[in-house]
There are 2 protein chains.
Amino acid sequence: MAQGRTIETLVQESTPAIIAGKLRHAIGYGELTPGTRLGEADLAQQLGVSRGPLREAMQRLTQEGLLTSIRNRGLFVASLGEDDVRDIYFARTAVEMAALGRVMAGDNAAAAERLLEPVAEMDRASANHDAAGVGEADISFHEALVELASSPRLSRMHTTLLTQTRMCITALQETYPEPDGRVAEHTEIAETVRAGETGAAHELLQAHMDDAVTRLLSGAPGLL
Amino acid sequence: MAQGRTIETLVQESTPAIIAGKLRHAIGYGELTPGTRLGEADLAQQLGVSRGPLREAMQRLTQEGLLTSIRNRGLFVASLGEDDVRDIYFARTAVEMAALGRVMAGDNAAAAERLLEPVAEMDRASANHDAAGVGEADISFHEALVELASSPRLSRMHTTLLTQTRMCITALQETYPEPDGRVAEHTEIAETVRAGETGAAHELLQAHMDDAVTRLLSGAPGLL
DNA sequence: CAACTCTACTTTGTCAACAATTCTACAAGG
DNA sequence: CCTTGTAGAATTGTTGACAAAGTAGAGTTG
């Protein structure tokens, strides 16, 4: 991302893109909870922009599936039911399995090193009993995995899915279990990558995903 | 989609969504070729809407990656280089392989029937020497495959990828080879699904995708 | 003759006002 | 008492106009 240039790139990204990023963050971290109605006038004033650019940004998020639009009634933060949780992880599995396959066709050692960075961060956060930090490092691990596949389209799709994953995690933060197990799980995946054991790595990742779903759903009897 | 109701649903989709659909179609079918600059005033008048809704629609397509935005200079139809073609098919493979896996965990016979519908259409078009029709049926086959997985997120991601696939096909329509082979290929996949031969189906689909890439790239020495 | 500068034009980015629709509250009737 | 109809208020959808940035061309200068 930030390529240490002498002069920072002049071409700034468009205003709607910036606003969309802020909204995406707010939604992912629970500042805007599912079902919330996004009043244009309020939001615009809050963000210091006019309604025009804000509406453009919201269209982006609608396209991503983070907002649902009802004509003449406004835009709402998408609600996630049990089916949605299952679908999010199903789609994530599809994306990350493909990424894993491509990564393991390349330099396994380098990939493992890269993957162990967020694991170390997770370990650190775990030692500090920082539940949010553990969650964030978890996300970083999977983000790194997909980045390593260097597929722009896979990464783009994954970004949306990760935002929705954050929504799930934020909404059910109490569900977070023993962090030591998570550190071990991720370490194991990284080490399997290093060893080049393709089949095992895929199985571990699949199990990791299935675990997450059952954990989330067992902790969420009602919908989000 | 169309659920034969007595009274059709009253809530119409938002204007930006409609416009985005039209633009997506125009881009997919080559009415707007890669690199084209989209002047707002012209397009708005041409579509019979004002600049506001049009801008909102274009933000959607930008989010999808169909348009690239350069601040203060306008929006351009995304150009597809060789790397993009490879990436499109890599992402499509990820999505469709996952869909295939889920489909084959269900009713294989029903799935095969559904998949053979576009194959029949392809055969018909092939008999009429209708190259475009063959291509469209090809797309329909893969669309049906993903629909059968009934995963909203996978379908959404796939829609974008199919638009980009159409761009490739449209840009290199001359590359289309003997349609008989294509009919056979798709038939084989559908029949393998019916037989429940999971491993074989995945291998066939993978080969099908790889073929498509090599065919597209061999026919496209220059970029699109 | 090439390169630079300045001017005018076109286009995008942003904003504020108007029109249309929906929600809320309240009153009337069965 | 519940349902139905009707105003008012608030919000979204759309349009048009203004300001900023970029582009193209002619003119000038080395």
Side-chain angles (χ1 to χ4, degrees), chain A residues 5 7-24 26-27 31-79, chain B residues 5 7-24 26-27 31-79:
Chain A
R5 296 239 180 112
I7 33 177
E8 52 205 60
T9 176
L10 246 347
V11 285
Q12 50 185 337
E13 56 185 345
S14 72
T15 312
I18 299 172
I19 300 175
K22 294 203 175 207
L23 288 178
R24 208 176 284 124
I27 292 175
E31 295 164 43
L32 296 172
T33 54
T36 305
R37 201 178 93 107
L38 298 182
E40 296 184 356
D42 288 350
L43 254 184
Q45 193 172 13
Q46 196 172 328
L47 291 167
V49 296
S50 186
R51 280 177 56 207
L54 174 62
R55 283 177 64 89
E56 295 177 19
M58 296 202 294
Q59 287 298 324
R60 281 190 171 223
L61 298 186
T62 304
Q63 177 63 34
E64 279 187 75
L66 262 48
L67 302 180
T68 57
S69 157
I70 304 180
R71 195 182 174 97
N72 290 321
R73 285 197 40 192
L75 291 150
F76 301 81
V77 180
S79 296
Chain B
R5 296 236 181 115
I7 33 178
E8 52 204 60
T9 175
L10 241 354
V11 286
Q12 50 185 336
E13 57 185 343
S14 72
T15 311
I18 299 171
I19 300 175
K22 293 202 174 209
L23 288 178
R24 207 175 286 122
I27 293 175
E31 295 164 44
L32 296 172
T33 54
T36 304
R37 202 178 94 111
L38 298 182
E40 296 184 355
D42 287 350
L43 254 184
Q45 193 173 13
Q46 195 172 331
L47 291 167
V49 296
S50 188
R51 280 179 55 207
L54 174 63
R55 283 177 64 89
E56 295 175 20
M58 296 202 295
Q59 287 298 323
R60 282 189 172 222
L61 298 186
T62 303
Q63 177 63 32
E64 280 187 75
L66 261 49
L67 303 180
T68 57
S69 156
I70 304 181
R71 195 181 174 98
N72 290 321
R73 285 196 41 191
L75 291 149
F76 301 81
V77 179
S79 295

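Residue numbers begin at 1 in each chain, while the letters A, B, ... track the order of the sequences.
Within 4.0 Å (heavy atoms only), B/Leu54 reaches no atom of the nucleic acid at all. Note on B/Thr15: only backbone sugar-phosphate atoms sit closer than 4.0 angstrom, heavy atoms only; bases stay farther off. If you check every strand for non-hydrogen atoms under 4.0 Å, B/Gly52 touches a base. Heavy atoms of B/Leu75 sit nowhere under 4.0 angstrom from any nucleic acid atom.
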List the atom pairs, donor and acceptor, that lie under 3.5 Å between side-chain atoms in residues 42-53 of chain A and the rest of the protein, sequence neighbours left out.
residue : atom : partner : partner atom : Å
A/Arg51 : NE   : A/Glu40 : OE1          : 2.9
A/Arg51 : NH2  : A/Glu40 : OE1          : 3.0

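Taking every heavy atom of residues 39-51 of chain A and every atom of DNA chain D, pairs under 4.0 Å involve A/Gly39, A/Glu40, A/Arg51, by number.
Taking the side chain as every heavy atom from C-beta outward, B/Glu56 and A/Met58 never approach each other to under 4.5 Å. Two residues are said to be in side-chain contact when any heavy atoms from C-beta on lie closer than 4.5 Å; B/Leu23 and B/Leu32 meet this criterion. For the pair A/Gln59/B/Arg55, no side-chain contact is recorded, criterion being any heavy-atom separation below 4.5 Å from C-beta on. Between B/Leu66 and B/Val77 the shortest side-chain heavy-atom distance does not fall below 4.5 Å.
Not counting sequence neighbours, A/Arg60 has no partner by the salt bridge (charged side-chain N to carboxylate O under 4.0 Å, His left out) test. By the side chain to side chain contact (heavy atoms under 4.5 Å, CB included) test, A/Ala41 pairs with no residue at all, sequence neighbours left out. B/Arg73 is linked by a side chain to side chain contact (heavy atoms under 4.5 Å, CB included) to B/Ile70, B/Phe76, counting only residues two or more places apart in sequence or in another chain. Under the side chain to side chain donor-acceptor pair (under 3.5 Å) criterion, B/Thr36 pairs with B/Thr33, not counting sequence neighbours.
Between chain A and DNA chain C, the heavy-atom contact criterion of under 4.0 Å yields a 5' to 3' nucleotide range of C/dT14 to C/dC23. On the nucleic acid side, DNA chain D has its first and last nucleotide under 4.0 Å of a heavy atom of chain B at D/dT14 to D/dT23, going 5' to 3'.
The 5' end of DNA chain C is approached more closely, in terms of each residue's nearest nucleotide, by B/Leu38 than by the other of B/Leu38 and A/Arg73.
Note that the CG atom of B/Leu75 and the CG atom of B/Leu38 stand 6.5 Å from one another [nearest 0.5 Å].
Among residue pairs with one or both ends in residues 14-23 of chain B, those qualifying as side chain to side chain donor-acceptor pair (under 3.5 Å) are A/Arg71-B/Thr15; sequence neighbours excluded.
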